[in-house]
Q: 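This is the structure I want to talk about, given as C-alpha cells.
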2 protein chains.
Amino acid sequence: MSVPAITISMMSAAVNTEYTWPMVRWEPGSQGRLAQAALELYGERGFDQTTVAEIAERAGLTERTFFRHFSDKREVLFSGAQALQDLLVNTVIDAPTTATPIEAVELALAAAGNLFDERKAFSLQRQHIIDGSAELRERELIKLATLATALANALRTRGVSDPTAGLTGEIAIAVFRISFEQWVASHDSRSLPQLIRDSFDQLSAVTAK
Amino acid sequence: MSVPAITISMMSAAVNTEYTWPMVRWEPGSQGRLAQAALELYGERGFDQTTVAEIAERAGLTERTFFRHFSDKREVLFSGAQALQDLLVNTVIDAPTTATPIEAVELALAAAGNLFDERKAFSLQRQHIIDGSAELRERELIKLATLATALANALRTRGVSDPTAGLTGEIAIAVFRISFEQWVASHDSRSLPQLIRDSFDQLSAVTAK
DNA sequence: GTCTATAGTGCGATAGAC
DNA sequence: GTCTATCGCACTATAGAC
C-alpha cells in the first residue's frame with residue numbers, strides 16, 4: 001500500500017522526483033500507488049480483465065483520479081518512457097564529437113541497456129503483461145517510434161543531416177528491439193548491453209556491401 | 001455510392017481478390033461500401049469525430065454489420081494489409097537462392113513500392129487520415145511490426161538463421177518507413193522504389209565499419 | 001438485433017496549501 | 001484571494017455479450 005513509486009519501476013519512478021507534495025488531506029504518491037496497483041492487477045488477471053475502477057479502488061482513489069494522472073488505461077504502464085527518452089537523447093548529445101551517428105546511438109542504447117539490466121525482474125514482469133495484450137503492444141510500438149524520432153532529432157543537433165538522422169534513429173530502435181527480445185528470452189544469458197553490442201556487429205555484417 | 005471496392009485502395013481492394021463474389025461485381029459488397037464510407041467520413045470530419053453509426057448509415061447498413069466485418073473502428077483502414085504481407089513474403093521466398101538476406105528483402109520492398117506508386121493519391125489520403133489520429137498511428141505501427149515478423153519468417157524458410165533473420169526483417173521495415181515518409185513529403189519527387197533503393201544505399205553507408 | 005459493461009470526457013464542488 | 005488534487009455525477013461511444 002505504501003510502497004514508494006521508486007520500487008515500482010524505472011519508468012514510474014520519474015514522477016516522484018519532480019517535487020514533493022506537502023499533504024495531510026491525502027496519502028502522498030497517488031500516481032505511484034495507481035501504477036503499482038495497475039501492475040499488480042494486470043499481472044494477476046490480465047489487462048483486459050482489469051477495470052480502471054478496480055485499479056483505483058486498490059490504490060484508495062477514484063476512477064476519475066486515475067484518468068487525471070493517466071490519459072488512458074494503458075498509459076499507466078508507460079508513464080516513465082520520458083525518462084528513457086531523456087537518457088537516450090542526452091547520451092547522443094553528449095557523445096564525443098568524433099563519434100559517428102551510429103556510434104552515438106550505440107552509446108545511448110548501451111546506457112539504456114544498463115538501466116534495464118538493473119531492473120530485469122520488473123522488466124520481465126512488465127513485458128509479460130504487454131505481450132498478453134494487443135492494445136498494450138500497440139502502445140509500446142508507438143513509444144518506440146517516438147524514441148526513434150527523438151534519437152533522430154538528437155542526431156540533428158549534432159549536425160547529422162537527413163535522411164541519415166532519421167534512418168539511424170530507426171535502425172537504433174530496430175537493434176534495440178531485437179536485442180531486448182533476446183534478453184527477455186530465457187535461453188540467452190547475455191546482458192542487455194552485451195546483446196546490443198552483438199546486434200550492432202550483426203547489423204554491420206548484414207548490411208555490408 | 002456504387003464505387004467498387006477495388007478503387008478504394010490497394011489495401012481494401014485485397015478483400016476482393018481473395019475470391020470473386022457470385023454476382024454483380026460492380027455492385028460492391030457490404031465490406032467495400034463500409035470501407036469507402038469510413039474513408040470518406042474519416043477524411044471529412046476526422047477519425048475521432050466519426051462514429052461507427054455514421055459509417056454504417058452512409059453504407060446503408062447497421063452498426064452491427066460494421067463490427068461483423070471489422071474487428072474495430074480502425075481496422076477498416078487496414079483490412080488490406082494481408083495482401084501487402086503476402087506480396088512481401090512471396091517475393092522473399094521466390095528471390096534467387098544467390099540473394100543475400102538483405103538483397104531478398106530489398107527485392108520485396110521494391111515490389112511493394114511499385115504497388116504504392118500506382119496508388120499514390122489514395123496512399124496520401126489514407127496517410128493523412130492516419131497521421132491525424134494517435135489511435136490510427138498505433139494500429140499502423142502494429143501492422144508494420146507484423147510485416148517485420150513475417151519477413152523474418154520468410155527469411156528463415158530460406159535458411160537464414162537467427163538473429164540475422166529477425167534483424168533483417170526489422171531493418172527492412174525501418175528502411176521502408178523512412179522511404180515512405182520521404183515519398184509522402186511533397187518536396188521529394190522520387191518514386192517510392194527509388195527512395196527505397198537510395199535508403200538501402202544510405203543504410204550501407206551509415207553502418208559501414 | 002437488443003442490452004450492457006466499461007473506457008473516457010466535461011464540469012462543478014470541495015478542501016487543503018500558499 | 002489563487003492553485004492544485006480529489007471527488008461526484010452525468011454523459012457518450014465503443015465493443016462485446018446475450
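Lettering of chains follows the sequences in order, A, B, ..., and the numbering in each one begins at 1.
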Q: Given atom CD of B:Glu54 and atom C1' of D:dT12, what is their separation to the nearest angstrom?
A: 13 Å
Q: Can you figure out which of C:dA7, D:dA13, D:dA15 approaches the side chain of B:Asp72 most closely?
A: D:dA15
Q: Specify the separation, in whole Å, of atom CZ of A:Phe70 and atom P of D:dA5.
A: 13 Å
Q: Rounded to whole angstrom units, what separation is found between the CZ atom of B:Arg74 and the P atom of D:dA13?
A: 18 Å
Q: Below 4.0 angstrom, N of the basic side chain to O of the carboxylate: do B:Glu135 and B:Lys73 qualify?
A: no
Q: Between atom CG in B:Leu61 and atom C1' in C:dG1, what is the gap in whole Å?
A: 14 Å
Q: Atom CD of A:Glu135 and atom P of C:dA7: how far apart are they, to the nearest Å?
A: 10 Å
Q: Measuring from the side chain of B:Arg64 (C-beta onward, heavy atoms only), which nucleotide among C:dG8, D:dG8, C:dT2 has the closest atom?
A: C:dT2
Q: Tell me: CZ of B:Arg45 to P of D:dA13, nearest whole Å?
A: 12 Å
Q: Does atom CD of A:Glu57 have more than 12 heavy-atom neighbours, drawn from other residues, nucleotides or ligands, at distances under 6.0 Å?
A: no
Q: What closest approach, in Å, do A:Phe67 and A:Asp72 show between heavy atoms, and which atom pair accounts for it?
A: CE2-CA, 4.2 Å
Q: Could you please name the option among C:dA7, C:dG1, D:dT14 that lies closest to any side-chain atom of B:Glu63?
A: D:dT14
Q: For the side chain of B:Val52, starting at C-beta, report the closest nucleotide among C:dA7, D:dT14, D:dC9.
A: D:dT14
Q: In whole angstroms, how far is the P atom of C:dT2 from the CZ atom of B:Phe66?
A: 19 Å
Q: Can a donor-acceptor pair be found, under 3.5 Å and without considering hydrogens, that links the side chain of A:Lys120 to the backbone of A:Leu192?
A: no
Q: In whole Å, what is the span from the CZ atom of B:Phe47 to the P atom of D:dA13?
A: 14 Å
Q: Compare all side-chain heavy atoms of B:Ser133 with those of B:Arg74 and state whether any distance is below 4.5 angstrom.
A: no
Q: Which part of the nucleic acid, if any, lies within reach of B:Thr65 when heavy atoms closer than 4.0 Å are counted: base, sugar-phosphate only, or nothing?
A: nothing
Q: For the side chain of A:Phe67, counting heavy atoms from C-beta on, which of C:dA7, D:dT14, D:dT4 is nearest?
A: C:dA7
